[in-house]
Amino acid sequence: MKAKKERGGTPIRGLLPLVALLVIWELVGDPASPYFPPPSTWIDGIQPLIDADKLLPAIGQTSLTFVLGLAIATALGAIVGTLVGASRSVDRALSPSLEFLRALPAASLVPVAALVLGYTTQMKLVVVVLPATWPILLTCRTARRTLSPVLLDTPRTLGLSTWHRTTKILTPALTPAVLLGVRVAAPLALIITLLVEIVTRVNGLGAALGAAQAGFLSAQVYGLLTIAGILGFAVNWIVTRAETSVSRRMRGTV
Amino acid sequence: MTPTISCTDLEVTLPGASGAVNILAGVNLSVAKAEFVSILGTSGSGKTTLLRVLGGLLPATGGEVRCDGTPIQGPPDGVVTVFQDYAHSLLPWRTVRRNVALGIEARLGRAERDERVDEALTMVGLLERADEYPWRLSGGMQQRVQIARALATRPRVLLMDEPFGALDAMTKASLQDQLQQVQSLTETTIVFVTHDVEEAVYLSDRLVVLNGSPADIGLTLDIPLPRPRHQISTKERADYLELRHRVYEALGHTVGEPARG
């Protein structure tokens, strides 16, 4: 009961300082300010984008890159993480390379990816997938490594096929770890998506943000920033909720 | 008559921290149909290793393991292991009913599957808890779920690895009696690993003691106590006490001296 109340109450109450800040900004802000235009001007700022039918496609392109990138990263991280975690020798052979790739800053991939793939959505995807894969791969590797041997012997002694062992035992047992990784990877993937868009101006919300900044449309910049913020908040909320509820079910704790 | 499950000249070597360790050497054991055989030994004597080899979960390094005359590679059909660690063996995301169905759901139709699950849960007295999740049940009940899951597959051989080792004395006694009933009902062959001398004497038709390193079978003892056995009256019989005495001796205990090891 208490947990339910906390879960329902926190986002709303926790947002109060932000709302208060916006109200103060609105009251004392100068509508003509080139740096800090008050919130009421932000809607006017993004109005030209809505009129030109550019805002929704931009949100769509960003969301597509983000969702697709995260999905590929999840599949890749879960599969590679499981394989690496299952065998000590594979782990020892691959770990140094994995550690190096993990330490590679995501932004430094942009020039290489752009060089090879050009300014395209595929290029955006490649840059998003690589850094988003690590948290999922690493949590999955640890989870696979620490899986109880009894849990793996059980389907064998009951005569389950390899396919059923994977789908009925391994997948549900590792799902909480994968989702924990996704929970860490999701905000990261969104940040990288926007970053690539701002840097390369291919398409999406980030490209619009970059263009508005270059054109000194400060109200539009703040308006787009708000949309990006809401997007990030929504993503975080959905992923966290999904992770908590699925983990509870799979781990069997109330 | 061919034995249900047997091993000859079994040898098992496992990789250890400082090179290969020879766990079992020259183990000969053959278990007849519907027989209850216990494997006793001090901890680390290789009891579990022997059971894992019989269950096809671990390959033998040397010698031969046969089930109904056929050499085994991997877990044979109809030979099911029940693990001591019931908490990790049951799937927390499945209800009791679906846990029990795990071994048969891919092979049987819905109606037959439900019938077998109900039958197995009735045998262990847990039918009314079928729709709960295992983590809501006590340790003893969870172990009964694991036994029911094995029974649902209608096994020829049940291999039990210290199944009651983690349970309190009273739960243990009631599960021992339930296991006796189940065996007399289903005529399943049971190989039972334990470190509890009383438990081994009370339940078995025959018991073997593993000792040495690498271990082999040091003592084989027939237990001709009449069945059904009873927790109080059987354990008061002179022949029960005599058998118990011999097993303790085989494990290295001597009258009048404190226990070693």
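Naming convention: chains lettered A, B, ... in sequence-line order (proteins, then strands); numbering from 1 in each chain. On a predicted model such as this, the values are computed, not experimentally measured, just so you know.
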One should read off an interatomic distance between A:Leu147 CG and B:His88 NE2, to the nearest 0.5 angstrom, of 8.5 Å
CG (B:Asp161) and OG1 (A:Thr157) are apart, to the nearest 0.5 Å, by 11.0 Å
Answer yes or no: are there more than 12 heavy-atom neighbours, outside [X] itself, under 6.0 Å from its atom [atom1]?
X        : atom1 : value
B:Asp77  : CG    : no
B:Glu187 : CD    : no
B:Glu128 : CD    : yes

Measure [X] against the heavy atoms of chain A and call it side chain, backbone, both or neither at under 4.5 Å.
X        : value
B:Thr153 : side chain
B:Val79  : backbone
B:Arg149 : both

If I compare all heavy atoms of [X] with all of [Y], which pair ends up nearest, and what's the gap?
X        : Y        : result
B:Leu102 : A:Lys168 : CD1-CD, 4.3 Å
A:Ser148 : B:Asp85  : OG-OD2, 4.2 Å
A:Arg249 : B:Tyr133 : NH1-OH, 3.4 Å
B:Leu57  : A:Arg156 : O-NH1, 3.4 Å

| message | So B:Trp93 and A:Thr175, do their side chains get closer than 4.5 Å, heavy atoms only? | response |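 In short, these two side chains do not touch, never coming nearer than 4.5 Å.
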Beyond-backbone contact of B:Thr81 with A:Thr154, side-chain heavy atoms, under 4.5 angstrom: no
Pair count under 4.5 Å, heavy atoms only, with chain B: among A:Leu160, A:Leu152, A:Asp153, highest is A:Asp153
Give the C-alpha distance, both sets of side-chain angles, the deciding distance and a yes or no for side-chain contact (heavy atoms from CB on, under 4.5 Å) between B:Tyr86 and A:Val150. CA-CA 9 Å; B:Tyr86 47 80; A:Val150 170; over 6 Å; no
